[in-house]
Amino acid sequence: MNRFNFPDLGIGIGLRTVHYAHILDTQPDVDWFEALSENYLDTGGRPRYVLETIAERYPIVLHGVSMSIGGTDPIDFDYLRKLKELARGVNARWISDHLCWTGVSGRNVHDLLPMPYNEESLRHTAARVRVISDFLETPLVVENPSSYVEFATSTMTEWDFLAALAAESDCGLLLDVNNIYVSSFNHGFDPKTYVDAIPADRVVQVHLAGHANHGTHIIDTHDNVVIDEVWQLYGRACARTGDVSTLMEWDANIPDFETVHAEARKAEAFRGSGESGVGGRRRKGSGESGVGGRRKSSSKSLRHPTPDTRPPQDAEAVHV
Amino acid sequence: MSDAYREVSRESGVVATTLISDPRPPTPDPLALAPLQEWMQSVVTHPGDVYEAAEAGAIGVDTVVLPSKTLQPIQRVGIYHSMYMLRMIEALEADYEALAYAMGEHAFGHLVREYVQRFPSRSYTLNRLGDHLPEFIAASDLKRKTFLADLARLELAMTHVFEEAEAAPMPPDAIASVPPDRIEALRFTPIPAIRLLTFACNADEVFQAWREERVVEPRRGKTWLAVHRRDYGVYRMPLSQEAFTFLGSLISGETIGSAITKFARRFRRMPRQQELFGWFRDWSEAGLFAAIAITEQER
């Protein structure tokens with residue numbers, strides 16, 4: 001168990017538009033879902049309705065791509081206010097975003113842009129994470145990103161930076177073992193060293209995904225199955241953290257729901273207890289509180305880095 | 001530790017005390033976090049290729065980024081640079097599928113490159129990226145820009161309607177409960193998820209043909225359309241000019257009596273009873289109104 005007492009939700013799936021109908025119609029035996037926050041802000045249409053409906057049956061975690069934790073623009077409190085409202089509305093178990101920046105001078109590049117890892121950026125980022133956590137009234141959970149450049153001004157490794165950030169800002173960690181593998185290939189470090197150095201008691205969640213290997217570099221595409229090396233890293237992480245909420249991301253060339261679910265469930269082989277769903281769907285109504293501690297009562301309610309933004313096929317316009 | 005100290009110490013090892021006592025204002029460190037992010041954004045979003053982007057940058061790529069065993073610094077930055085424009089094209093193509101089809105892949109990509117220079121994303125969501133595309137097209141020198149701007153306005157309206165706040169429509173028979181002598185004093189509250197559009201060409205017909213994988217050539221001639229949402233699905237309702245005018249009056253908050261007066265002035269005739277019955281039947285069934293009310297002023 002992590003130091004925040006965020007529960008092990010079991011093995012979850014990233015909630016994607018193409019699976020809405022399947023989930024609503026069949027109510028699959030999935031432990032939990034992770035929703036991309038930005039897809040459900042500023043919309044009163046079908047996405048929000050679907051999320052709220054699913055949240056009545058499954059635990060939900062909100063995962064963002066636009067918080068710009070490491071950015072040098074002012075913190076966007078309008079965004080945070082809406083995020084907080086959404087989290088309360090769907091009883092989100094926690095809120096996560098990436099160790100990155102997404103734009104400056106009022107612009108958003110909609111990418112998870114890399115940070116230099118040095119004292120200046122550590123102090124800057126830790127201060128922002130503290131402010132964000134205070135505002136959201138819950139410890140922010142920060143994910144390690146994939147990256148394709150290393151800065152000349154970096155003076156520490158990413159894992160040392162992340163550990164120091166977690167200690168200074170008292171945040172949780174979302175350990176993306178695929179991202180560790182991708183960055184280790186791109187930057188030439190041993191991914192096992194990274195996994196071994198992470199403060200295990202701060203790991204709230206793990207991400208799994210596929211990627212595209214171009215020979216000279218790897219791109220974090222989320223468009224494929226998880227490779228064996230990443231599964232081994234996952235097992236290594238689980239050995240340190242114990243059973244931890246685990247999430248399969250599949251954001252491009254998305255297959256049918258059962259294929260994604262089957263890939264996610266491979267994680268069971270690496271989990272110590274062999275059981276999933278602790279605190280998840282099978283224990284729905286166990287009294288655990290989400291972000292803000294409010295349980296919803298109403299009955300109705302990039303690929304990284306690109307969240308799906310489009311109306312689903314089953315809600316397309318019809319000529320009348 | 002000041003930025004000035006760090007800049008000098010990195011290059012020359014000069015001790016901090018030397019600089020702290022220096023009366024000159026500190027020189028901003030171009031590799032500090034804020035200028036580094038400004039630099040990287042300028043390179044990543046540059047409309048040219050990554051080499052042109054690097055040339056235009058205030059700092060040399062090799063000064064900022066380390067090489068890997070397989071890639072040079074500029075190649076590594078190039079990954080972000082190429083992904084940026086692909087992401088912009090992908091996002092706008094998702095919102096403007098018919099427009100992208102009508103223009104063709106190359107022309108649409110070129111349009112997006114120019115558009116995001118003029119209207120870069122300033123929102124935390126990509127859903128707002130395309131909000132200015134119709135006006136951008138209308139102000140461009142594109143061939144067929146009138147048709148393309150109309151098609152873009154149609155698709156933008158569909159996106160907005162898809163995202164609008166939900167409101168339950170009033171019961172279809174709600175008007176029937178109003179005493180006949182109070183009908184003209186009725187005001188309607190429209191559902192938020194409705195947009196009325198006037199086109200200079202047959203944009204909706206072309207859009208529908210694209211949906212059905214048929215070809216209909218654009219042609220000039222005014223057309224009128226309501227885009228609305230019902231049960232979380234987006235619908236398009238072609239309207240006559242008369243129906244469009246009358247519905248527009250109601251949606252803008254006028255009473256039925258006022259809408260009739262305006263209609264008579266505009267078309268130099270009163271709306272026929274059969275017309276009105278047909279319109280209200282269709283609009284009520286489509287769930288265009290959330291509520292009706294008779295205001296005190298009208299009593």
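As the structure is a computational prediction, the values presented were derived from the model and not from experiment. All values below were derived from every heavy atom in this structure, side-chain atoms included, with hydrogens, water molecules and symmetry-related copies excluded.
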Novice: I'd like to know which of A:G188, A:S154, A:G215, A:G71 tops the heavy-atom pair count under 4.5 Å against chain B.
Specialist: A:G71
Novice: May I ask you to check whether A:H110 and B:S121 show a side-chain donor-acceptor distance below 3.5 Å?
Specialist: yes
Novice: Which atoms of B:L71 are under 4.5 Å from chain A, going by heavy atoms: the side chain, the backbone, both sets, or neither?
Specialist: side chain
Novice: Is A:L113 close to B:Y80 at the side-chain level, that is, under 4.5 Å between some pair of heavy atoms?
Specialist: yes
Novice: Of the backbone (N, CA, C, O) and the side chain (C-beta and beyond), which part of A:M67 lies under 4.5 Å from a heavy atom of chain B, both, or neither?
Specialist: neither
Novice: Return the option, out of A:D76, A:N118, A:V149, with the maximum number of heavy-atom pairs under 4.5 Å with chain B.
Specialist: A:V149
Novice: Which residue out of B:P192, B:A286, B:A34, B:A193 racks up the most heavy-atom pairs below 4.5 Å with chain A?
Specialist: B:A34
Novice: Could you tell me which portion of B:Y124 (side chain, backbone, both or neither) has an atom closer than 4.5 angstrom to a non-hydrogen atom of chain A?
Specialist: both
Novice: For B:V64, which atoms come within 4.5 Å of any heavy atom of chain A: side chain, backbone, both, or neither?
Specialist: both
Novice: Are B:R229 and B:E166 close enough for a salt bridge, meaning some N to O gap below 4.0 Å?
Specialist: yes
Novice: Report yes or no: do A:H63 and A:S96 form a side-chain donor-acceptor pair below 3.5 Å?
Specialist: yes
Novice: Charged N to carboxylate O under 4.0 angstrom, B:E163 versus B:R128?
Specialist: yes
Novice: Using 4.0 Å as the upper bound for N to carboxylate O, is an ion pair formed by A:E85 and A:R81?
Specialist: yes
Novice: Name the member of A:V50, A:V109, A:D73 that forms the most heavy-atom pairs with chain B at distances under 4.5 Å.
Specialist: A:V109
Novice: Under 6.0 Å from the six-membered ring centre of A:Y148 and within 45° of its axis: does the NZ or CZ of B:R76 meet both?
Specialist: no
Novice: Report the option among B:A165, B:A167, B:S68 that has the most heavy-atom pairs separated by less than 4.5 Å from atoms of chain A.
Specialist: B:A165
Novice: Between B:Q208 and B:R236, does any side-chain donor sit less than 3.5 Å from a side-chain acceptor?
Specialist: yes
Novice: With a 4.5 angstrom heavy-atom cut-off, could you sort out which part of A:H187 is near chain B: side chain, backbone, both or neither?
Specialist: both
Novice: Let me know if B:I79 has heavy atoms under 4.5 Å from chain A in its side chain, its backbone, both or neither.
Specialist: side chain
Novice: Of the listed residues (A:S105, A:S37, A:G103), which shares the most heavy-atom pairs with chain B below a 4.5 Å separation?
Specialist: A:S105
Novice: When you compare the side chains of A:D220 and A:H222, does any donor N or O come within less than 3.5 Å of an acceptor on the partner?
Specialist: yes
Novice: Checking A:S68 against chain B: side chain, backbone, both or neither under 4.5 Å from a heavy atom?
Specialist: neither
Novice: I'd like to know which of B:M88, B:E164, B:K69 tops the heavy-atom pair count under 4.5 Å against chain A.
Specialist: B:E164
